[in-house]
Amino acid sequence: MTQAIQDASTSQAEKAQDSINNERLQNAIAALAAFGGRDDGGVARETLTQIDLDARRHLIDTARALGCEVATDDCANLFFRRPGTTDLPPVLTGSHADTQPVGGKLDGAYGVLAGLEVIAALNDAGISTRRAIEVVAWTNEEGSRFGPGAMGSSAFVDPSRLPAYREVRDGDNITFGDAVDAALLASADVTRRPLALPIASCVELHIEQGPVLERAHAALGVVAGIQSVRWYKVDCTGMAAHAGTTPMDERSDAMMAAVAIAQQLYVYVAKEAASNLRLTLGRWQVGPNSVNTIPGKVEFTIDVRCVDAEVIERFEQFLTKITSGYQWRGSISFECFFSRPPTHFPADMLNLIERACVRAGHLAKRGEPQRLTSGAFHDAMYLAEHCPTAMIFVPSKGGISHNAAEETAPEDLYLGVQALAYTVVELANQ
C-alpha cells in the first residue's frame with residue numbers, strides 16, 4: 001500500500017470513527033433487549049428458542065434497512081454484508097445474540113449491534129471500502145441450552161464439528177440439529193452460504209465481563225489473547241459407613257480426601273499468583289449424600305486457566321503428584337475432560353486496535369487503553385484458527401456479567417464502537 005493510499009485509508013477510518021451515532025447505538029441496544037427482556041433489566045434469550053428466532057428476524061430486518069445483503073449457513077449463523085469495491089475476502093465483526101437463561105442486555109449482543117452501527121456510520125459518511133464488511137451473529141455462543149458453547153463459530157471454522165453438534169440434546173430432549181433446522185426454516189427468505197468461507201480478518205467487540213478495566217480506570221481494552229483452560233474431574237472413592245459408629249481413625253472418608261486435595265490446590269495457586277493462574281472447584285457430587293453417612297465417593301471438577309500454557313502444565317504435574325501420593329484407605333483418580341490452548345492475537349492487529357483506541361480515548365479525554373487477557377471464551381478464539389483475529393473490550397461495572405445487573409456506561413459503549421469503526425475500516429481498505 002502506497003503512502004498516499006495509506007493516508008487516505010487512515011482518513012476514512014477517522015471519519016468513520018467520528019460518524020458513530022451514540023443515540024442510535026443506545027436505541028438499538030434497547031430494541032434488541034426487548035426480545036426476552038425481564039422486569040429486573042435482564043434478558044432471557046437462550047439460543048434458537050422462539051424468542052431468539054424473533055430477535056434474529058429483528059436483526060435481519062435492521063440489516064436489510066441498512067442496505068446489507070443477508071445470508072445464513074448450515075449452523076444458522078447470520079451474516080450481514082456491506083459490499084466493498086472488490087471481491088477480496090471480507091473483514092468480519094460481530095458476536096452473538098443468545099444469552100444465558102438469565103443474562104444481561106450486552107454480553108454478545110453489543111458486538112452484533114456495534115457492527116451494524118459501524119455500517120450505519122459508513123452509510124452516513126458516504127464511505128466505500130475495498131473489502132466488504134460483514135457483521136455476524138454466531139449461533140449458540142453461550143452453550144446454556146446446548147453444550148458446548150461457541151458451536152456456531154467453531155463449526156464455521158471446522159465444518160466437521162457440525163454433525164456431532166447436531167446430535168446434542170437440550171433439557172427437553174430437542175436436538176441442536178432440529179433447532180437449527182427450525183431456525184433455517186424461519187429464515188427461508190435468507191440466502192444460504194457455505195461454512196468456512198475465506199475471511200480476511202476478524203475483530204470482536206465485547207464487554208470485558210471482569211473488573212480489570214474498571215479498576216484501571218480505562219475506558220477501552222486491547223485484548224492480547226484468551227487464556228488456556230483445562231477441566232478435570234477428580235474421583236475420591238472410599239467406603240460409606242455409619243457416622244456414629246465408625247471411629248475416626250478407621251474411616252475411609254472420601255470427603256476428607258477431597259477436602260485435603262482441594263486445600264493443597266488452593267495453596268499451590270496462591271503461590272502461583274504472579275502467573276495469574278486461576279482455579280475453580282465448581283461442581284461437587286457426594287455419595288450417598290446423607291447427613292449421617294460417611295461419604296463413600298466424592299467427585300469434583302477443576303477449572304484451571306492461564307494465558308501461559310507452561311503454567312497449566314505445571315499445575316497438572318502438581319495435581320498428579322498430590323493425588324498419587326495421598327495416603328489413605330481409598331483410591332483417587334483424575335482425568336482431563338477438556339483442554340484448550342491459549343489464543344494469542346497477532347501483534348499487527350493489536351497495534352492497529354491500540355491506535356484506534358488511543359484516538360477514541362483522547363478525543364473523549366479518557367486516557368490510554370489497557371492491554372489485557374480475556375479470562376472468558378469468545379467466538380474470536382475459534383476465528384483465530386481461520387484468519388487474523390483480535391478483540392476490543394469495554395469495562396463492565398463491578399465486573400458483572402451473565403447477570404441481570406450487567407452494565408456498561410453508555411459513554412464507554414460509544415467509545416468501543418468508535419474504536420471498532422476505525423479498526424474495521426483500516427482492515428477493509430487493506
Can any side-chain N or O of [X] pair as donor or acceptor with the backbone N or O of [Y] at less than 3.5 Å?
X: Arg45; Y: Leu32; value: yes
X: Arg161; Y: Ser154; value: yes
X: His378; Y: Ala380; value: no
X: Asp170; Y: Asp172; value: yes
X: Glu214; Y: Val212; value: no
X: Ser228; Y: Arg340; value: yes
X: Thr72; Y: Asn77; value: yes

- [ ] Check whether more than 12 heavy atoms from other residues, nucleotides or ligands sit under 6.0 Å from atom CD of Glu335, and answer yes or no.
- [x] yes
TODO: May I ask you to check whether over 12 heavy atoms, not counting those of Asp39, lie within 6.0 Å of atom CG?
DONE: no
Report yes if some heavy atom in the side chain of [X] is under 4.5 Å from a heavy atom in the side chain of [Y]; otherwise report no.
X: Glu204; Y: Val223; answer: no
X: Tyr326; Y: Cys236; answer: no
X: Glu117; Y: Ile20; answer: yes
X: Leu106; Y: Leu413; answer: yes
X: Phe345; Y: Ile226; answer: yes
X: Ile199; Y: Pro90; answer: yes
X: Leu59; Y: Leu116; answer: yes
X: Val168; Y: Met151; answer: yes

Open item on the list: Quick check on side-chain contact (heavy atoms from CB on, under 4.5 Å): which of Leu427, Thr423, Leu205 does Ile353 satisfy it with?
Closed with: Thr423
Could you label the plane-to-plane angle of the [X] and [Y] rings as parallel, tilted or perpendicular, counting under 30° as parallel and over 60° as perpendicular?
X: Phe79; Y: Trp138; result: perpendicular
X: His386; Y: Phe156; result: perpendicular
X: Trp284; Y: Phe300; result: parallel

Open item on the list: Test side chain to side chain contact (heavy atoms under 4.5 Å, CB included) on His362 and Val358; report intermediate values, then the result.
Closed with: CA-CA 6 Å; His362 283 184; Val358 164; 3.5 Å; yes
If every non-hydrogen atom of [X] is compared with every non-hydrogen atom of [Y], which pair is closest and at what distance?
X: Arg329; Y: Arg251; value: NH1-O, 3.1 Å
X: Cys75; Y: Gly152; value: SG-CA, 3.8 Å
X: Val157; Y: Glu385; value: CG1-OE1, 3.7 Å
X: Pro295; Y: Pro288; value: CA-CD, 4.3 Å
X: Ala360; Y: Ala419; value: CB-N, 4.4 Å
X: Ala200; Y: Pro89; value: CB-O, 3.5 Å

Is the shortest side-chain N to carboxylate O distance from [X] to [Y] below 4.0 Å?
X: Arg278; Y: Asp303; answer: no
X: Arg145; Y: Asp52; answer: no
X: Glu69; Y: Arg193; answer: no
X: Arg215; Y: Glu208; answer: no

As an exercise, state the distance from [atom1] of [X] to [atom2] of [Y], rounded to the nearest 0.5 Å.
X: Thr301; Y: Lys233; atom1: OG1; atom2: NZ; value: 10.0 Å
X: Asp308; Y: Ser275; atom1: CG; atom2: OG; value: 7.5 Å
X: Leu92; Y: Glu134; atom1: CG; atom2: CD; value: 6.5 Å
X: Arg305; Y: Leu279; atom1: CZ; atom2: CG; value: 11.5 Å
X: Asp235; Y: Thr323; atom1: CG; atom2: OG1; value: 11.0 Å
X: Thr93; Y: Ile133; atom1: OG1; atom2: CD1; value: 9.0 Å

[X] side chain to [Y] side chain, donor-acceptor N/O pair below 3.5 angstrom:
X: His96; Y: Asn140; answer: no
X: Thr139; Y: Arg56; answer: yes
X: Thr408; Y: Tyr110; answer: no
X: Glu46; Y: Thr49; answer: no
X: Tyr414; Y: Gln418; answer: yes

TODO: Take Ile261 and Leu265, measure what side chain to side chain contact (heavy atoms under 4.5 Å, CB included) needs, and give me the verdict at the end.
DONE: CA-CA 6 Å; Ile261 292 168; Leu265 293 178; 4.2 Å; yes
Open item on the list: Considering only residues two or more places apart or on different chains, which pairs with a residue in residues 390-410 satisfy salt bridge (Lys or Arg N to Asp or Glu O under 4.0 Å)?
Closed with: Lys397-Glu407
Open item on the list: As a quick check of understanding, evaluate side chain to side chain contact (heavy atoms under 4.5 Å, CB included) for Thr343 and Tyr382, giving each step before the final call.
Closed with: CA-CA 9 Å; Thr343 301; Tyr382 287 103; over 6 Å; no
TODO: Would you kindly check if the NZ (Lys) or CZ (Arg) of Arg57 is within the cone defined by 45 degrees around the ring axis of Phe35 and under 6.0 Å from the six-membered ring centre?
DONE: no
Task: Within 45° cone and under 6.0 Å: Arg230 NZ/CZ vs Phe315 ring - done: no
TODO: Show the numbers, then the answer: is there a side chain to side chain contact (heavy atoms under 4.5 Å, CB included) between Gln370 and Phe393?
DONE: CA-CA 9 Å; Gln370 171 117 351; Phe393 275 174; over 6 Å; no
